[in-house]
There are 2 protein chains.
Amino acid sequence: MSLTHTILGFLSWKPFTGYELKKLFSETDFIYWSGNNNQIYKSLVQLSSEKLVTREVVQQDSLPAKKIYHITDKGRKELHDWASSSPEFAQVKNTFLMQLAWSGELNDRELSNLIGEYQYEVEMRLAMCRTKLERRTVLPDRTEREEYIWEMLWQKEIDYLKGELNWLVKLSQGVVKRSGK
Amino acid sequence: MSLTHTILGFLSWKPFTGYELKKLFSETDFIYWSGNNNQIYKSLVQLSSEKLVTREVVQQDSLPAKKIYHITDKGRKELHDWASSSPEFAQVKNTFLMQLAWSGELNDRELSNLIGEYQYEVEMRLAMCRTKLERRTVLPDRTEREEYIWEMLWQKEIDYLKGELNWLVKLSQGVVKRSGK
DNA sequence: TTAACCATGTAAAAAGTTACATGATTGT
DNA sequence: ACAATCATGTAACTTTTTACATGGTTAA
């Protein structure tokens, strides 16, 4: 599971709480994990037990105690080893494409509706992605190479979404041309 | 789960056995499911119990009996309803991008190695995808619109892989330019 | 006063992967 | 002799999702 490694990655920048990690996950679009509570808190317990992180408990009045996690040297080593290990091919789970694949029984209106809904969704994502890119807080102490890679990762996401839109527009046109009416 | 719906989709073309469905899954690249035995046979049992498919048992000498599944009218209705329902946004799980995101501690050789391995993987996929596209058996009784959509789905997959390669080449160049040596 | 934010977690269910199990036939 | 194809399934495990549970603070 690379959720634990992604957490180690964030902690390699600076210490965070579970709550902050959850936000980081949702702010970084090219990381797919829902980052739901269950997974994050469980992963942190696991990472602690493996001595890859340590926890620092900070009491707050009137708010529950914060648990700030710090990466250990062992954790940094684990992160390095994982980052340099053989990559797996990306998994894309796109049920919309399957809906299209079996849209044979849909009428023209239903089909254009389906495509339109997906297009709207992609447009929202693109707008959100651009906003997040602008608002992102770039941490110091990063090499030029690292910053370049993150720039490329964001750009990839934006290009992907733009590509989706282009494809959807082309598809709509092709479908209209072949419409039953 | 849309695995059951994808099975219904294939069965809407013509009846198949579980074994044949497993092959169809692996032959269609834009469907991500591994289509492992467990899931397919379990899904078929479930679909049967919901009366969305019926099973026909064909005895064979010296080979185990085939179970051929047929879609029912109820199954066709379910397929139609699913295909016209609101689409969800695609989920992309790309751990390679996360490895890149935390490649800060890798040296130049390790990083170029990582990128090179992924590039090789994408090239293999692209070659396989093109082969599958050529060899695919197009079933009759499909409208022009349906054929057009399948054409577009295959093209999308190929364009995606080509886009990945272009991005990787650009990334490699940018990384070399910023190399430590 | 209502929603969002801060901050932690648990329980149960669903989905998905990997390995195991059987066994004949056909092609290289 | 070995691998691939045909054909079914089960068991154990891991991963992921969804819902539940608590409760104070802050801003519109």
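By convention in this document, chain letters (A, B, ...) are assigned in the order of the sequence lines, proteins followed by strands, and residues within each chain are numbered from 1. These numbers come from the heavy atoms of this one structure, side chains and all, not from hydrogens, waters or symmetry mates.
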With hydrogens left out and only the distance checked, is there a donor-acceptor pair under 3.5 Å joining A:Asn37's side chain and the base of C:dT10? no
Quantify the bending of the helix from C:dT1-D:dA28 to C:dT28-D:dA1 as the angle between its end axes, each fitted on five pairs, to 10°. 50°
Among D:dA7, C:dT18, C:dG9, which nucleotide sits nearest the side chain of A:Tyr41? C:dG9
Does NZ or CZ of A:Arg178 come closer than 6.0 Å to the centre of the six-membered ring of B:Tyr148, within 45° of the ring's axis? yes
Within 45° cone of B:Phe16 ring axis and under 6.0 Å: B:Lys14 NZ or CZ: yes
Examine the side chains of B:Thr95 and A:Glu88 and answer whether a donor and an acceptor come within less than 3.5 Å of each other. no
Contact between B:Asp73 and B:Lys77 at the side-chain level, heavy atoms closer than 4.5 Å - yes or no? no
Regarding B:Gln46 and B:Glu50, is there a side-chain donor-to-acceptor distance under 3.5 Å anywhere? yes
If you measure only the distance, is there a donor-acceptor pair under 3.5 Å linking the side chains of A:Asn36 and A:Gln39? yes
Between D:dT16, C:dG16, D:dC6, spot the one nearest the side chain of B:Asn36, thanks. C:dG16
Between C:dC6 (C1') and A:Gln59 (CD): distance, integer Å: 15 Å
Out of C:dT10, C:dT17, D:dT17, minimum distance to the side chain of B:Gln39 belongs to C:dT17
Would you mind reading off the distance between B:Lys42 atom NZ and D:dT10 atom P, rounded to a whole angstrom? 10 Å
Side-chain N or O of A:Lys22 less than 4.0 angstrom from OP1 or OP2 on C:dT8? no
From CD of A:Glu27 over to P of C:dC5, roughly how many Å is that when rounded to an integer? 11 Å
Among the candidates D:dG9, D:dT16, C:dT10, find the nucleotide nearest to the side-chain atoms of B:Lys67. D:dG9
Pick the nucleotide of DNA chain D nearest each of B:Arg55 and A:Leu3; which residue has the one closer to the 5' end? B:Arg55
Nearest of C:dT18, D:dA7, C:dG9 to any side-chain atom of B:Lys66? D:dA7
Rounded distance in Å - CD1 (A:Ile40) to P (C:dA7): 14 Å
So, is B:Gln60 close to the D:dC6 phosphate, meaning a side-chain N or O under 4.0 Å from OP1 or OP2? no
Closest to the B:Asn38 side chain, choosing from D:dA11, D:dG9, C:dT8: D:dA11
For DNA chain D, the residues among residues 7-21 of chain B that have a non-hydrogen atom under 4.0 Å from it: B:Thr17, B:Gly18, B:Tyr19
